[in-house]
Number of protein chains: 2
Amino acid sequence: MAKATRMTKQKKVILEILQNTNCHPSADWVYEQAKKLVPDISLGTVYRNLNVLRDSGEIIELNYGSTYSRYDGKPQNHYHFYCEKCTQLFDVAIPVYQGLDKMVQDTTGYEVKHHRMEFYGLCNQCRE
Amino acid sequence: MAKATRMTKQKKVILEILQNTNCHPSADWVYEQAKKLVPDISLGTVYRNLNVLRDSGEIIELNYGSTYSRYDGKPQNHYHFYCEKCTQLFDVAIPVYQGLDKMVQDTTGYEVKHHRMEFYGLCNQCRE
DNA sequence: GGGGTGAGAGTAACAGTTACCGTTAATTTA
DNA sequence: TAAATTAACGGTAACTGTTACTCTCACCCC
């Protein structure tokens, strides 16, 4: 049987913060926001719950583009754009190429479960 | 004028190690290999040169899929497959989708310079 | 209410990476 | 080719993001 997991106040707050933001925040940013709602929350708790939520598929961890992980409250696969100047992450509104996994599986013989794609360049504000 | 940059024995060794391997090693693995050729090389020197070579476009830094960076001596863009069991990285021999950057640029308005794609799943050895 | 236990707070430890500083050696100039 | 210049070196300490530890708390079922 699956391990029991409780929905604590802290975990709920962390999940809601991620679901209600369009940015792709770091653990530290989540911690700062969570402190406003649960003043004595611990940074360790934030990290623990981010990992728990990631393992249960409720959020996505984005660990590329910089030295720290960012988190995304939308668990559906989608692509991202990383601005090389301001280091912000943006969602890219193009459809996920569903057939790609099977194509790579047929080419390589590996069992392909999913893929990720990121685009790099300059965002609108940083273009000039 | 561009800053002068020297081709030292250490830098040369690091670049050759990366160009002559098919794996996608960590800085530490490169360090171990380099020590065989330059016994008193320092880990700091390995990191410094990996960053220099990455900045000059001679190698690629792959900073996703685990807690440490891996390096790839082939600077041409290509896709990678990450085995979620044995944590090895493999090259994927499908052509890079060149038109994608332009398509995303037209969709988003961002200036797209390049993209990366990684596939996740199980490699041949880990499938059974 | 009492016993069991998953999760919390607080903090120490850890890993990968970077920065510092005195020294060495690659390159330039003569 | 020898001297001068200075980027890069080796060795090490520090830094950063993350995880682990320990003790305590709060929830749940009877």
Side-chain angles (χ1 to χ4, degrees), chain A residues 1-18 23-56 58-72 82 87 89, chain B residues 1-18 23-56 58-72 82 87 89:
Chain A
M1 58 188 165
K3 207 193 313 185
T5 168
R6 294 176 185 168
M7 179 53 73
T8 63
K9 185 175 51 171
Q10 291 85 345
K11 186 164 154 189
K12 198 170 171 183
V13 161
I14 289 167
L15 182 57
E16 282 170 358
I17 286 171
L18 280 172
C23 71
H24 298 76
S26 64
D28 211 60
W29 187 92
V30 174
Y31 174 52
E32 292 302 323
Q33 300 299 310
K35 268 200 289 194
K36 296 175 185 172
L37 300 166
V38 186
D40 63 346
I41 197 171
S42 156
L43 180 58
T45 297
V46 172
Y47 273 107
R48 192 178 336 97
N49 279 309
L50 287 171
N51 287 345
V52 167
L53 290 167
R54 181 243 291 136
D55 290 345
S56 70
E58 290 170 273
I59 65 172
I60 291 175
E61 180 180 2
L62 306 168
N63 56 356
Y64 45 76
S66 62
T67 57
Y68 53 89
S69 284
R70 299 159 198 248
Y71 296 88
D72 191 325
Y82 175 80
T87 75
L89 263 184
Chain B
M1 60 190 167
K3 207 192 316 185
T5 168
R6 295 175 183 172
M7 179 51 75
T8 62
K9 185 175 51 172
Q10 291 87 345
K11 187 164 153 188
K12 197 168 170 184
V13 161
I14 290 166
L15 182 56
E16 282 170 358
I17 286 170
L18 280 172
C23 72
H24 298 76
S26 65
D28 211 60
W29 187 92
V30 174
Y31 174 52
E32 291 303 322
Q33 299 300 309
K35 268 200 288 194
K36 295 177 186 170
L37 300 166
V38 186
D40 63 347
I41 197 171
S42 157
L43 181 57
T45 296
V46 172
Y47 273 106
R48 192 177 335 100
N49 278 309
L50 287 171
N51 287 346
V52 167
L53 290 166
R54 181 243 292 136
D55 291 344
S56 69
E58 291 170 273
I59 65 173
I60 291 175
E61 180 180 1
L62 306 168
N63 55 354
Y64 44 76
S66 63
T67 57
Y68 52 89
S69 285
R70 300 162 198 246
Y71 296 88
D72 191 324
Y82 175 79
T87 77
L89 263 185

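By convention in this document, chain letters (A, B, ...) are assigned in the order of the sequence lines, proteins followed by strands, and residues within each chain are numbered from 1.
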- What pairs of residues pass the side chain to side chain donor-acceptor pair (under 3.5 Å) test when at least one of them lies in residues 37-54 of chain A, not counting sequence neighbours? N51(A)-R54(A), R54(A)-E61(A)
- Taking all non-hydrogen atoms of both residues, which atom of V30(A) and which atom of P25(A) are closest, and how far apart? CG2-CG, 3.9 Å
- Task: Begin from the C-alpha positions of R70(A) and T87(A) and carry the test side chain to side chain contact (heavy atoms under 4.5 Å, CB included) through to its verdict.
- Result: CA-CA 11 Å; R70(A) 299 159 198 248; T87(A) 75; 4.2 Å; yes
- To the nearest Å, give me how far apart NZ (K12(A)) and P (dC27(D)) are. 12 Å
- Message: Quick check: closest heavy atoms across A34(B) and I41(B), and the distance to 0.1 Å?
- Response: CB-CD1, 4.1 Å
- Please identify each residue that fulfils ring-ring contact (aromatic ring centres under 6.0 Å, His included) with Y82(B), with sequence neighbours left out. Y120(B)
Pairs under 3.5 angstrom, nitrogen or oxygen only, protein versus nucleotides 27-30 of chain C, please.
unit_1: dT27(C); atom_1: OP1; unit_2: M7(B); atom_2: N; d: 3.3

- Quick one: pull up CG in L53(B) and CG in L15(B) and give me the separation to the nearest 0.5 Å. 5.5 Å
- Taking only the side-chain nitrogens and oxygens of Q10(B), find out if one of them lies under 4.0 Å from OP1 or OP2 of dG10(D). yes
- Message: Is there, by distance only and without an angle test, a donor paired with an acceptor across the side chain of S42(A) and the base of dG8(C) below 3.5 Å?
- Response: no
- Task: Search all heavy atoms of V46(A) against all heavy atoms of I14(A) and return the closest pair with its distance.
- Result: CA-CD1, 3.8 Å
- With S56(A), which residues qualify under side chain to side chain contact (heavy atoms under 4.5 Å, CB included), at least two apart? E58(A)
- Query: Between dT23(C) atom C1' and I41(B) atom CD1, what is the distance in whole Å?
  - Reply: 17 Å
- Message: Show me the pairs that pass salt bridge (charged side-chain N to carboxylate O under 4.0 Å, His left out) and involve residues 27-36 of chain A, at least two apart or across chains.
- Response: E32(A)-K35(A)
- Message: Whether N63(A) contacts dG17(D) is assessed here as follows: a side-chain N or O lying under 4.0 Å from the phosphate OP1 or OP2. Is that the case?
- Response: no
- Roughly, in whole Å, what's the span from CG in N49(A) to P in dA7(C)? 8 Å
- Query: Can you list the residues that meet the side chain to side chain contact (heavy atoms under 4.5 Å, CB included) rule with I60(B), with sequence neighbours excluded?
  - Reply: L62(B), D72(B), R116(B)
- Query: So do T5(B) and K11(B) actually touch side chain to side chain, heavy atoms under 4.5 Å?
  - Reply: yes
Set out, line by line, the N/O atom pairs under 3.5 Å between protein and nucleotides 1-4 of chain D.
none

- Message: From NZ of K11(B) over to C1' of dA26(C), roughly how many Å is that when rounded to an integer?
- Response: 11 Å
- Message: Going by the rule side chain to side chain donor-acceptor pair (under 3.5 Å), which residues pair with Y31(A) if we only count those two or more places apart in sequence or in a different chain?
- Response: none
- Item | Overall bend - the helix from dG1(C)-dC30(D) to dA30(C)-dT1(D), comparing terminal axes fitted on five pairs, nearest 10 degrees | 40°
- Residues two or more places apart in sequence or in another chain: which of them pass side chain to side chain contact (heavy atoms under 4.5 Å, CB included) with T67(B)? none
- Roughly, in whole Å, what's the span from CG in L15(B) to P in dA8(D)? 15 Å
- Query: Just how far is it from atom OH of Y71(B) to atom CG of L50(B), taken to the nearest 0.5 Å?
  - Reply: 5.0 Å
- Item | Summary of protein contacts for nucleotides 14-19 of chain C, nucleotide by nucleotide, where a base hit scores B, a sugar-phosphate-only hit scores S (4.0 Å, heavy atoms) | --SBB-
- Query: To the nearest angstrom, how far is L62(A) atom CG from dT18(D) atom P?
  - Reply: 12 Å
